[in-house]
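This report refers to the structure that appears directly beneath it.
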Amino acid sequence: MHFDFDEKQRKAIVETVFEKIEHFYSNTKDYSTTPELNIQKIRGFVESPDLTSGNEADKALLHVVNGLEKYTVHTPHPKYFGLFNPRSNFAGIIADFLTASYNPQLAAWSHAPFAVEAEALVVRELATKFGLDKNSADGVFATGGAEANLTAVLCALNKKHPNFARDGLFGLEKKPLIFCSEEAHHSVQKAAKIVGLGYDLVKPIPVDGALKMDTKVLEQEIEKLKNSPYSPLMVIGTAGTTGTGTVDDLTSIFDICRANDIWFHVDAAYGGAAVLSTKLKHLLKGIECSDSITFDAHKWMSVPMGASLFLTAHSEILGKTFRITTEYMPKEASEMEIIDPFAHSIQWSRRFIGLKVYLSLLFYGWNAYEKTINDQVEIGDFLRSRLMENGWTIKNDTRLPLVCFTDRELETDLKFTKTVLANILSKGTSWLSLYPINDIPTFRVCITNYNTAEMEIEELVRELNEERKVYKKNH
Ligand SMILES: *Cc1c(COP(=O)(O)O)cnc(C)c1O
């Protein structure tokens, strides 16, 4: 047994894998959206193969494919109406295969100049699409929105406090506060914990009737800090909240930030993809004035996890935040005007994350993205109209394809949504979730799959109608 196998074995393995993924990829809808969550059974299954002497490749592959097919929520399913996890496009799948095979090390530019420059190109293209000035914009790929948001907090600290890199939080006179809305993603709290600020220094601002950050309250809260032991560090506006797809009023937040000299970060992990559509990009108005942006390609750009981008309007800030010099890192390119990604981001050894996006653009181009995003927004509109025609009431207000709804008569009955959801999930024909809006539980249905069409929406609405009928009969 040799790690490399021989050519015949490799071909056989790739063929087996191809056959399996081909079956899954072209028949995804036939699979159950939900797995059986029996921990004993799953652990027993995982532990069953021999790990001491290894197994025949076919047998090992079959084991893994069985495990993945049986014990996974199938996010590539066209009726997975879930948490922004897309169906991976084929470019993204192949990109991960290529990346693993060539295994370029992106820590230093000179080790992987093609890969580093390909990522830099995608960063420039996206920064331009978001309206940042391409002469001063910068950015870096991250594993996910959580890493990108953490990067934003670190950059804000390093921008405001010139000696932060040396002195850390101990050098600060006042406690820095992070403002975001109550509906912001909790990776913000996590970032505050990791940085050592503590999550108490994250101040969630209430939302208004439209579920957007109440900027009047934000202004008052900032005003109150004068002559206090606290100082406002950054405001995070969300462009497409995780719960309801709401876009904060970015222009008003920017005005407040500018007037008070505060870092303005936009968490556009999900909704950022709206800038790829000429019809929709106005929804993100104000994002072009931001100091930094989080954008997850592994959400609405349909590439596999984890592919996120941190973008910033300040070309010097990533270097200031992360640069470290060492003797052992390659110096072949030290005379060139290049950036070593390890000195520019949280990660050191780096995977070629950006290939998923670069290859998607090589295969399909920005035009395909524009069309896909417009199509999905239309499917979202279709869902809204079918729900309303069937007596459901919609509780969120967004142009993005994310719909929160319930039944008007039953909305105060806390058991209603739970029961209907449990019944649908147990059938495994669709996947959706619940999200409370002003204490009213709603069904949350999000379209992030380019294969979800009107037929799937009709099926979902039928399932919901049937479960509602059964519930009404029994209560
Ligand atoms: C998904 C999400 C995140 C977290 O991103 P990950 O890629 O899961 O790390 C942060 N913010 C928002 C608004 C999100 O939707």
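Below, each value reflects all heavy atoms present in this structure, side chains not excepted, and no hydrogens, waters or symmetry copies. We count ligands from 1, going down the list as the structure has it; atoms in each ligand are counted the same way. Numbers here simply count residues along the sequence, with the first being 1.
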- Message: Rounded to the nearest 0.5 Å, what separates atom OH in Tyr80 from atom CD in Glu456?
- Response: 16.0 Å

- Query: Measuring from Thr28:OG1 to Glu69:CD, what's the distance to the nearest 0.5 Å?
  - Reply: 9.5 Å

Show me which atoms of ligand 1 lie under 4.0 Å from any heavy atom of [X].
{"X": "Phe84", "value": "15 (O)"}
{"X": "Gly144", "value": "7 (O), 9 (O)"}
{"X": "Ser187", "value": "10 (C)"}

- Who's closest to atom 13 (C) of ligand 1 heavy-atom-wise, of Thr143, Asp267, Asn149? Asp267

- Message: Nearest non-hydrogen contact with atom 15 (O) of ligand 1 belongs to which option: Glu147, His298, His185, Lys299?
- Response: Lys299

- Hey, which of Thr238, Asp291, Asn149, Thr151 is the one that makes side-chain hydrogen bond (donor to acceptor under 3.5 Å, both in side chains) with His265? Asn149

Are any of the side-chain nitrogens in [X] or [Y] under 4.0 Å away from the carboxylate oxygens of its partner?
{"X": "Lys160", "Y": "Asp261", "value": "no"}
{"X": "Glu221", "Y": "Lys224", "value": "yes"}
{"X": "Glu316", "Y": "Lys159", "value": "yes"}

Taking distance alone, with N or O pairs closer than 3.5 Å, would you say [X] contacts ligand 1?
{"X": "Ala146", "answer": "yes"}
{"X": "Tyr270", "answer": "no"}
{"X": "Gly145", "answer": "yes"}

- Message: Taking the ring of Phe90 and the ring of Tyr25, is the distance between their centroids below 6.0 Å?
- Response: yes

- Look at ligand 1 and say whether Ser308 reaches it with a heavy atom at a distance under 4.0 Å. no

